[in-house]
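Within every chain, numbering begins at 1; the chains are lettered A, B, ... in the order of the sequence lines, protein sequences first and strands thereafter.
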There are 2 protein chains.
Amino acid sequence: MGAVAALVRSTFLVNAVYADSARDHGLTAQQGQLLCVLMAQPYGMSELGAMLGLAKSSLTGLVDRTERNGLVERRPDPQDSRAVRVALTRRGGVLAEEFYAETCRRVGELAAGLAAAEQETLAGLLGRVVLDNKVPAVFLEPDEGAAGGRGR
Amino acid sequence: MGAVAALVRSTFLVNAVYADSARDHGLTAQQGQLLCVLMAQPYGMSELGAMLGLAKSSLTGLVDRTERNGLVERRPDPQDSRAVRVALTRRGGVLAEEFYAETCRRVGELAAGLAAAEQETLAGLLGRVVLDNKVPAVFLEPDEGAAGGRGR
DNA sequence: GCCCGGTAGTTCGCGAGACGAACTAGCCGC
DNA sequence: GCGGCTAGTTCGTCTCGCGAACTACCGGGC
């Protein structure tokens, strides 16, 4: 199988696993992704739109629905009264951790057929693709979680 | 970067590229995927649902919209008058080829930073993940196109 | 023959998601 | 203190995905 087909098919696979995991936590894939991004730190609407690749009107809707479920909240930005910081609520934080951990587990299982060394090779190559293409931090490293921007 | 994070982030990346390429061809990602599946051969609604992981009512809608755009058509199944074979129209076939080729090109570019040997290694490892997890043929090999798609 | 359980698809109603265009409100340079 | 820019929201429209209820047809058993 060529690299292109392998990439596209593995994408299909991970999409399905991600959506399933979200569903099992009462989330949609998009809401799960939003929670994962916010695990690191709060963000403004425009920042989120840029990271997730969404139009700002799409973001308004996504945050609306997630807020309605009590998982995130809009906080006024102290520096700029037009702006808003979207942050996890307590409940959202707990759910994000659970969803994140379970999703990691399930995605990890996909690669269970690979030996440890092979997984490392895969991670290295795929990691370079990700970095080369400047993918935003839509899914953190297990060890760059929680305190996120402030280090840890 | 760990294998899990690399997989999830590369998935995000490929999703975006796929959706962009579809959009540039006047398609949604789902319609593009449908066309790619049908490049190999026609399928029944239930088969498509199983391959794409969709409920049958979702398939009806997707095929409806794609048919309305003149890209696929429903043909009666000669063996079973309940059933239907979904096939590309002439226009759909042409568009599918274009979309497929362009998407391959763009996804290939994502891995352009890797040397040829590295791309092969990546393809091998990712290919095993795909095969281990029995991902359906949602995106063909360049050389298993047209008549070739059956077996496997 | 005919009935009956299973299968192939469709319809319907609903909510999520994505977009662009038009809008409000607040920032800031000059 | 005005004019242009930026942050977000609202609105209308479409796609997508689902489950439940439905129709139409296949087949096996008697």
Side-chain angles (χ1 to χ4, degrees), chain A residues 12 15-35 37 42-87 138, chain B residues 12 15-35 37 42-87 138:
Chain A
F12 184 82
N15 275 337
V17 168
Y18 199 97
D20 268 9
S21 178
R23 173 173 253 225
D24 290 348
H25 289 84
L27 296 166
T28 63
Q30 289 77 2
Q31 290 179 14
Q33 199 165 41
L34 178 61
L35 295 194
V37 168
Y43 287 100
M45 298 292 282
S46 305
E47 287 175 301
L48 287 173
M51 291 181 73
L52 298 175
L54 296 176
K56 49 190 186 168
S57 59
S58 309
L59 242 296
T60 298
L62 179 57
V63 172
D64 279 353
R65 289 183 294 271
T66 314
E67 190 170 34
R68 196 192 314 144
N69 295 342
L71 302 178
V72 302
E73 58 187 0
R74 287 171 163 97
R75 296 179 185 158
D77 184 319
Q79 264 76 57
D80 184 340
S81 75
R82 293 169 301 179
V84 124
R85 319 259 9 143
V86 182
V138 287
Chain B
F12 184 83
N15 275 337
V17 168
Y18 199 97
D20 268 9
S21 178
R23 172 171 253 224
D24 290 349
H25 289 83
L27 296 167
T28 63
Q30 288 77 6
Q31 290 179 14
Q33 200 164 40
L34 178 61
L35 296 194
V37 168
Y43 286 100
M45 298 293 283
S46 304
E47 287 175 299
L48 287 174
M51 290 181 74
L52 298 176
L54 296 176
K56 49 189 186 171
S57 60
S58 309
L59 242 296
T60 298
L62 180 57
V63 172
D64 279 353
R65 289 183 294 271
T66 314
E67 190 170 34
R68 196 190 314 143
N69 295 343
L71 304 177
V72 303
E73 58 188 0
R74 286 170 164 97
R75 296 179 186 158
D77 184 320
Q79 264 76 57
D80 184 341
S81 75
R82 293 169 300 179
V84 124
R85 320 261 5 146
V86 183
V138 286

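- Ranking D:dC26, D:dT15, C:dG9 by closeness to the B:Met45 side chain, first place goes to C:dG9.
- Residue side chain B:Arg65 does not reach the base of D:dT15 through any donor-acceptor N/O pair under 3.5 Å, judged by distance alone.
- Between the CG atom of A:Asp24 and the P atom of D:dC18 there is a distance of 14 Å, rounded to whole Å.
- If you check every strand for non-hydrogen atoms under 4.0 Å, A:Arg68 touches sugar and phosphate atoms only.
- Inter-residue side-chain proximity for B:Leu71 and B:Leu27 is flagged as met; some heavy-atom pair is nearer than 4.5 Å.
- Rounding to whole angstrom units, CD of residue A:Glu73 and P of D:dG8 are separated by 16 Å.
- Salt bridge annotation for A:Asp80-A:Arg85: absent, with no cationic side-chain nitrogen under 4.0 angstrom from a carboxylate oxygen.
- The shortest distance between the side-chain N/O atoms of B:Arg74 and the OP1/OP2 oxygens of C:dG9 is not below 4.0 Å.
- Contact annotation: side chain of A:Ser58 to base of C:dG17, donor-acceptor pair absent below 3.5 Å.
- Residue A:Ser81 is in sugar-phosphate contact alone, with no base atom involved, counting any heavy-atom pair closer than 4.0 Å across all strands shown.
- For B:Asp80, counting side-chain heavy atoms from C-beta on, the closest listed nucleotide (C:dG17, C:dA8, D:dG19) is C:dA8.
- Look at A:Gln79 and you won't find any side-chain N or O under 4.0 angstrom from OP1 or OP2 of C:dC27.
- Between the CD atom of A:Gln31 and the P atom of C:dA18 there is a distance of 10 Å, given to the nearest Å.
- Comparing B:Asn69 and B:Ser57 by the nucleotide of DNA chain D that holds the closest heavy atom to each, the one mapping nearer the 5' end is B:Asn69.
- Residue A:Arg85 is out of contact with every strand shown, counting any heavy-atom pair closer than 4.0 Å.
- In terms of heavy-atom proximity, A:Leu59 sits nearest to A:Gly49 at CD2-CA, 3.7 Å.
- What separates CD of A:Glu47 from P of D:dA7 is a distance of 9 Å, to the nearest Å.
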Practice task
Dump the intermediate steps for side-chain contact (heavy atoms from CB on, under 4.5 Å) on A:Arg65 and A:Gln31, then the final yes or no.
Solution key: CA-CA 8 Å; A:Arg65 289 183 294 271; A:Gln31 290 179 14; 3.8 Å; yes
Practice task
List the steps and the verdict of side-chain contact (heavy atoms from CB on, under 4.5 Å) for A:Asp64 and A:Arg74.
Solution key: CA-CA 9 Å; A:Asp64 279 353; A:Arg74 287 171 163 97; 3.0 Å; yes
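- Distance B:Lys56 NZ to D:dC22 P: 14 Å, rounded to the nearest Å.
- Proximity note for B:Arg82 (side chain, C-beta onward) versus D:dC16, C:dT11, C:dT7: the nearest is C:dT7.
- Picking from C:dC19, D:dG19, C:dA16 the nucleotide with the shortest atom distance to the side chain of B:Ala55 gives D:dG19.
- In this structure, CG of B:Leu59 is placed 12 Å from P of D:dC16, rounded to the nearest angstrom.
- In this structure, A:Ser46 reaches the sugar-phosphate backbone alone: every heavy-atom distance under 4.0 Å involves primed, P, OP1 or OP2 atoms, never a base.
- Straight-line distance from the CD atom of A:Gln33 to the P atom of C:dA16: 17 Å, rounded to whole Å.
- In terms of heavy atoms, B:Val72 sits closest to B:Glu67 at O-CG, 3.4 Å.
- In this structure, A:Leu54 places its CG atom 16 Å from P of D:dA7, rounding to the nearest Å.
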